[in-house]
Amino acid sequence: MSLKVYNSLSRSKEVFTPITPGHVGMYVCGPTVSGESHLGHARPYITFDVVYRYLQHLGYKVRYVRNITDAGHFEEEGREAEDKISSKAVLEKLEPMELVQKYTNLFHWAMAQFNNLPPSIEPTATGHIIEQIVMIQQIIADGYAYEINGSVYFDVNKYNHHFSKQDLPYGILSGRNLYEQLDTTRDLSNQDEKRNKSDFALWKKAPPEHIMRWQSPWGEGFPGWHIECSAMATKYLGKQFDIHGGGMDLQFPHHECEIAQSTVCNHTPPVKYWLHNNMITINGRKMGKSYGNQIMLSQMFAGTHPLLTQAYSPMTIRFFVLQSHYRSTLDFGNDALKASEKAFKRLWEAYENVQKMGTVGMSDTPSDADLDAKVNGLLAEFAEFMNDDFSTPKIIANMFELVPIINGLKNNQLAKSSFSSATFVNLQQQMHLYIEVILGLRQEQTQNDQLEGVLQLLIDIRKQAKANKDFVTSDKIRNELAALGVMLKDEKGGEMSYTIV
RNA sequence: GGUCCUGUGGCCGAGUGGCUAGGCAGAGCUCUGCAAAAGCUUCUACAGCGGUUCGAAUCCGCUCGGGACCUCCA
């Protein structure tokens, strides 16, 4: 049973075979830290966090590189060179690097909330200006870029003409035909200095008002949109690496340009497997800057957005994301989020309970062989589903088939002897492995010993009241705790537990 | 206009031609001092019209609807 991934380049599922046995190099496009991350950003970083976790689980030594784009790129070609980061800085009266630091910190905070593992290397664009300049020089030397008025452009036509002969035409990833493209590219002003409309900037001359600027062989300026990823990926992962991830919206032009740049410099296509996650939509429309429909992550966590009827915790969002396949669009909605919130709580409680249970009452031979086989079958499918292009929704579906079995065992609605102790231990181990280690889910609220003690005391008093048939006291404790958001649950056998809403 | 994706029950969402996805919500039952929780059972589907096939949500065609990219975007 081997891992298969959907490769955007071939448009098909392929068996994953790393270039260097035992090792995996993975690059994922990181955020532009000119603003706060929104719900849409949560998707790729959660998706590729699970990919990272699973590859490690499979025993690979993974180098996961995710950049921070902290050098401004222009808003739109043709407009006056306008640096996203520097213009925002003027607005907020902050130094550019102060702004960058602020949003980088916020991004890291959000990632930690989601329980995303930090990447192995998190390089910044501004820390790799030299590497980018060197790469641009190489492209010029090879004849695929030209300098005009202090800016450098990639010659897409020439690249396409030459590399088409090697079956590496420009547009290979996004399925675009360059010649069709030329007809459909919009007419933008101030493109005179480019030889062709489809050429893209590698280096841009900085106008006087531009704050972020660096010395280069072509004068003071700043790097183009795409070169940072090529330069940093090459530096840390080599001329060819295994996985490049990112959102589908980056496929063109960003990833297409990366391929062109790196192929010229490294004389080989840079990436073996291109993985793209689909978008999070809101009312059927992509969440994005251009639509002005983003909900910031801090707003999600706090419930402070007109479209939110309540706050949603990081684990609710992580679970929500993992309940759909990463290549499908996922539509935001309060009802859907609420469903995920409840579902995750139910799953987590069952998970905690199964970990606490022992094998007392179980033997080597199950009394219900069908059930025993069913449980083992459901567990065995975890790996199968994960190997099938990371089908996390199917894993979660299987887990929910196990939940009633676990709850039944706990409440003695199902005989302990139903399945073998080996099966039960397998259940405990696989649930732990997939819920915590691979899907990266974790307990919602942090433990608070004092609160725990107080609640335990109230539970004891209520138990006593119930034993004395003092239902006035018993109901008072239950109702008033419920009003405070603590749900008490009477379990079979007289035990009580609580859930904080 | 070009390229591509998509349309599943009240909501979200898996679905690799034949076998109940799953979650949330709804209904009934069991349990319970009552309730909740839990367990058991259960109702709502495959946009429409044709075609291929013994058999289609799944393949093909058309129609209608939604969306993405072609511009910064996860």
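Here is the naming used below: chain letters follow the sequence lines, and residue numbers restart at 1 for every chain.
Two rings, from A/Y6 and A/W274, have their centers 6.0 Å or more apart. Taking the centre of each ring, A/H226 and A/H255 stay at or above the 6.0 Å mark. Between A/Y153 and A/F200, the ring center distance fails the sub-6.0 Å criterion.
Put simply, CZ on A/R176 is 14 Å from C1' on B/G1, counting in whole angstrom units. Straight-line distance from the NZ atom of A/K197 to the P atom of B/G2: 16 Å, rounded to whole Å. Atom NZ of A/K345 is separated from atom C1' of B/G22 by 20 Å (rounded to the nearest Å). Here B/C70 presents its P atom at 13 Å from CG of A/L173, a figure rounded to the nearest Å. Regarding A/L337, its CG atom lies at a distance of 15 Å from the P atom of B/A25, rounded to whole Å. Put simply, NE2 on A/H255 is 11 Å from P on B/A74, counting in whole angstrom units. Atom CG in A/D249 sits roughly 5 Å away from atom C1' in B/C73 (whole-Å rounding). Protein atom CZ of A/F344 is 21 Å distant from nucleotide atom P of B/G22, rounded to whole Å.
Here A/N353 pairs with nothing under the side chain to side chain donor-acceptor pair (under 3.5 Å) rule; sequence neighbours left out. With sequence neighbours excluded, no residue forms a salt bridge (charged side-chain N to carboxylate O under 4.0 Å, His left out) with A/K4. Not counting sequence neighbours, the partners of A/D249 by the salt bridge (charged side-chain N to carboxylate O under 4.0 Å, His left out) test are A/K286. A search for salt bridge (charged side-chain N to carboxylate O under 4.0 Å, His left out) contacts involving A/R285 returns nothing, not counting sequence neighbours. Evaluation of the salt bridge (charged side-chain N to carboxylate O under 4.0 Å, His left out) rule for A/D49 yields A/R53, A/R318 as partners, not counting sequence neighbours.
Across all strands shown, B/A57 forms no Watson-Crick or G-U wobble pair with both key distances under 3.5 Å. Nucleotide B/C29 forms a Watson-Crick or G-U wobble pair with B/G39, both donor-acceptor distances falling under 3.5 Å. Of all nucleotides present, only B/U6 satisfies the Watson-Crick or G-U wobble test against B/G65, with each distance under 3.5 Å. B/U20 makes up no base pair with any nucleotide shown, lacking Watson-Crick or G-U wobble contacts both under 3.5 Å. In this structure, B/A45 makes no Watson-Crick or G-U wobble pair, since no nucleotide meets both defining distances under 3.5 angstrom.
Comparing the same atom, P, in B/G66 and in B/A27 gives a spacing of 35 Å after rounding to whole Å. Taking atom P in both B/G18 and B/C59, the straight-line distance is 11 Å, to the nearest Å. Taking atom P in both B/A38 and B/C4, the straight-line distance is 48 Å, to the nearest Å. With both ends at atom C1', the span from B/C19 to B/G55 equals 13 Å, rounded to whole Å. Taking the P atoms as reference points, B/C43 lies 25 Å from B/G7, given to the whole Å. Across B/G2 and B/C62, the matching P atoms stand 14 Å from one another, rounded to whole Å. Using P as the reference atom, B/U63 and B/G1 are 13 Å apart when rounded to the nearest Å. Comparing B/A21 with B/G15, their P atoms sit 13 Å apart, to the nearest whole Å.
Note that OG1 of A/T499 and CD of A/E349 are 3.5 Å apart. Values are rounded to the nearest 0.5 Å.
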ask   = When every nucleotide of nucleotides 29-42 of chain B is labelled 5' to 3' by its protein contacts under 4.0 Å (heavy atoms), B for base, S for sugar-phosphate only, - for none, what sequence of letters results?
value = --B-BBBBBBSS--
ask   = Taking protein heavy atoms under 4.0 Å as touching, what does nucleotides 4-21 of chain B look like 5' to 3' if B marks base contact, S marks sugar-phosphate-only contact and - marks none?
value = -------SSSS------B
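Residue A/F48 is out of contact with every strand shown, counting any heavy-atom pair closer than 4.0 Å. As judged by a 4.0 angstrom heavy-atom cut-off over every strand, A/G246 is placed among residues touching the sugar-phosphate backbone only. Using a 4.0 Å heavy-atom criterion, one finds that A/K286 contacts the bases of the nucleic acid, with or without backbone contacts as well. The residue A/M279 sits close to a base: some heavy atom pair falls under 4.0 Å. As judged by a 4.0 angstrom heavy-atom cut-off over every strand, A/M248 is placed among residues making no nucleic acid contact. Among the protein residues, A/G288 comes within range of no part of the nucleic acid, since none of its heavy atoms lies under 4.0 Å from any strand. A/Y45 comes within 4.0 angstrom of the backbone, heavy atoms only, and of no base.
Screening residues 308-317 of chain A for salt bridge (Lys or Arg N to Asp or Glu O under 4.0 Å), with sequence neighbours left out, gives no hits. Identified under the ring-ring contact (aromatic ring centres under 6.0 Å, His included) test for residues 381-406 of chain A, with sequence neighbours left out: A/F382-A/Y434.
Between A/H38 and A/I396, it is A/I396 whose nearest contact on RNA chain B lies nearer the 5' terminus.
Atom CG of A/N105 has more than 12 heavy atoms from other residues, nucleotides or ligands within 6.0 Å.
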